[in-house]
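Convention: sequence-line order gives letters A, B, ...; per-chain numbering from 1. Small disclaimer: the values here were computed from a predicted structure and weren't measured.
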There are 2 protein chains.
Amino acid sequence: MNIKIAIFEDNKLIREALQTIINNTDDMLCTATFSNVNQVEDDIEFNRPDVVLMDIEMPGRTGIEATRIIKEKSPHIKVLIQTVFNDNEKIFNALCAGASGYILKSDSPEKILQSLREVHSGGGPMSASIASKVLQFFVRQNVILVEPNTTNCDLSEREKQILAFMVEGLNYLDIADKAFISYETVRTHVKHIYKKLHVACRSEAILKARQQGIV
Amino acid sequence: MNIKIAIFEDNKLIREALQTIINNTDDMLCTATFSNVNQVEDDIEFNRPDVVLMDIEMPGRTGIEATRIIKEKSPHIKVLIQTVFNDNEKIFNALCAGASGYILKSDSPEKILQSLREVHSGGGPMSASIASKVLQFFVRQNVILVEPNTTNCDLSEREKQILAFMVEGLNYLDIADKAFISYETVRTHVKHIYKKLHVACRSEAILKARQQGIV
DNA sequence: TGGTAAATAACCCATTGGGGGATTTTTACT
DNA sequence: AGTAAAAATCCCCCAATGGGTTATTTACCA
């Protein structure tokens with residue numbers, strides 16, 4: 001029943017402190033600790049934790065790379081990133097790598113334990129101040145490029161069909177065959193689709209289609 | 001020198017209260033107030049504010065639509081969204097529409113004035129609790145689709161130059177002129193860039209370049 | 001000193017995208 | 001019912017893009 005936790009942390013003192021804290025908690029068990037992520041694939045393979053507490057800064061491979069590897073191999077394992085830094089881009093990268101939550105090392109033990117429980121139950125704990133900065137970073141960096149469901153979906157049924165074929169990777173000729181219309185008609189539809197979606201090329205249209213669930 | 005502010009707010013009491021607060025502040029001037037956004041194009045055209053204080057919920061066209069229109073026509077105008085709601089999706093949509101910041105109507109006048117100054121100077125004020133919720137919403141909704149800095153940046157200096165020209169919107173011929181090389185060489189570089197960035201077309205390359213700060 | 005990477009350049013060819021224009025069918029609205 | 005708008009269909013022209021291949025020169029590194 002206990003939450004099985006693995007710790008990746010290069011600092012021995014911190015590592016052992018975390019282990020002690022976790023093992024003195026009723027509903028948790030620290031089943032393994034590691035001082036680096038160089039064998040993270042094997043470590044995870046053999047240890048099978050529920051949650052990984054991951055230091056973002058480590059000698060050799062970083063915690064972000066390790067997070068990506070873990071989430072690729074075992075998407076069900078939650079990763080809680082822990083760091084001394086408050087670096088928007090690092091946090092951003094960690095989130096992209098699949099981290100479930102993000103806490104600071106300065107957070108209290110109670111906060112850490114609570115965050116471990118939260119990620120385990122599917123939540124995404126993150127200190128509000130961190131979240132605010134990251135969001136601003138997103139907006140500034142134009143990471144948020146999705147136009148939400150407003151201007152689109154005035155695609156006609158036929159246009160949606162054509163777009164779906166495009167998402168499948170078909171070229172105009174193949175789409176023409178599948179849709180029983182001429183090559184030129186496909187092109188006309190595609191032009192209309194681009195205008196309505198405000199895109200200029202195929203891959204942008206596909207991106208939007210996916211993001212907005214038009215397909 | 002004053003920050004010129006336009007208010008869009010359907011509630012007359014709130015609208016006039018905001019106007020009074022702003023006009024009693026040294027560095028700000030409320031140059032116009034509107035009870036709806038149905039003529040927002042013209043309103044902005046004639047009024048030319050620095051910052052727009054926008055109610056998200058209004059009869060007729062919503063503040064989100066208005067925000068998108070404003071940012072399309074006048075990207076330099078900052079929009080500060082104000083609402084009684086704390087709805088992740090609404091906030092998300094507002095951000096996508098180009099809003100610079102997001103505050104609650106329950107925020108104090110001081111907070112509102114401070115936020116107006118922040119957006120005007122390029123910041124993105126947002127209550128930390130709102131940001132946290134929105135971020136979690138993003139992660140859950142898989143809005144964040146960006147592959148962070150992993151495989152790229154092995155671009156050569158020359159390739160980065162070419163990519164920068166592409167970001168500026170130049171075509172092959174113009175890039176060739178600017179870089180003092182032949183059209184064909186530009187094309188060769190571009191092909192290499194695409195391979196290294198794992199993209200298949202110009203706009204994808206530009207997207208990655210922006211997101212990963214290669215430019 | 002030989003191999004590798006980068007920069008340069010050229011060729012061929014298919015596909016794509018943008019600009020028109022045109023006709024017919026369907027839908028919608030008065 | 002009649003008309004206007006939108007959708008669907010088709011065609012042409014042409015510039016730009018993307019992929020592949022090959023080749024030469026330079027520079028650097030092991």
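Counting any heavy atom pair closer than 4.0 Å across all strands shown, B/Ser182 reaches sugar-phosphate atoms only and no base atom. A/Tyr183 comes within 4.0 angstrom of a nucleotide base, judged by non-hydrogen atoms across all strands.
Annotation: side chain of A/Glu57 is not in contact with side chain of A/Asp10 (no heavy-atom distance under 4.5 Å).
Taking only side-chain nitrogens and oxygens, A/His192 never comes nearer than 4.0 Å to OP1 or OP2 of D/dA7.
Salt bridge status for A/Arg61 with A/Glu41: present, with a side-chain N to carboxylate O gap under 4.0 Å. A/Glu9 has a carboxylate O that lies under 4.0 Å from a charged side-chain N of A/Lys105, or vice versa, which qualifies the two as a salt bridge.
Minimum atom distance to the side chain of A/Tyr194 is reached by C/dG17, of the listed D/dG20, C/dG17, C/dT15. Considering only the side chain of A/Ser156, D/dA7 comes nearest among C/dT16, D/dG19, D/dA7.
At a cut-off of 3.5 angstrom, counting only N and O atoms as typed in the model, there is a donor on one side and an acceptor on the other between the side-chain of A/Arg187 and the base of C/dG18. The base of D/dC10 sits within donor-acceptor range of the side chain of A/Thr188, with an N or O pair under 3.5 Å.
Checking A/Leu173 against B/Ile162, the closest nucleotide of DNA chain C that is more toward the 5' end is the one next to B/Ile162.
Residues B/Ser203 and A/Cys201 share a closest heavy-atom pair of OG-SG, 2.8 Å.
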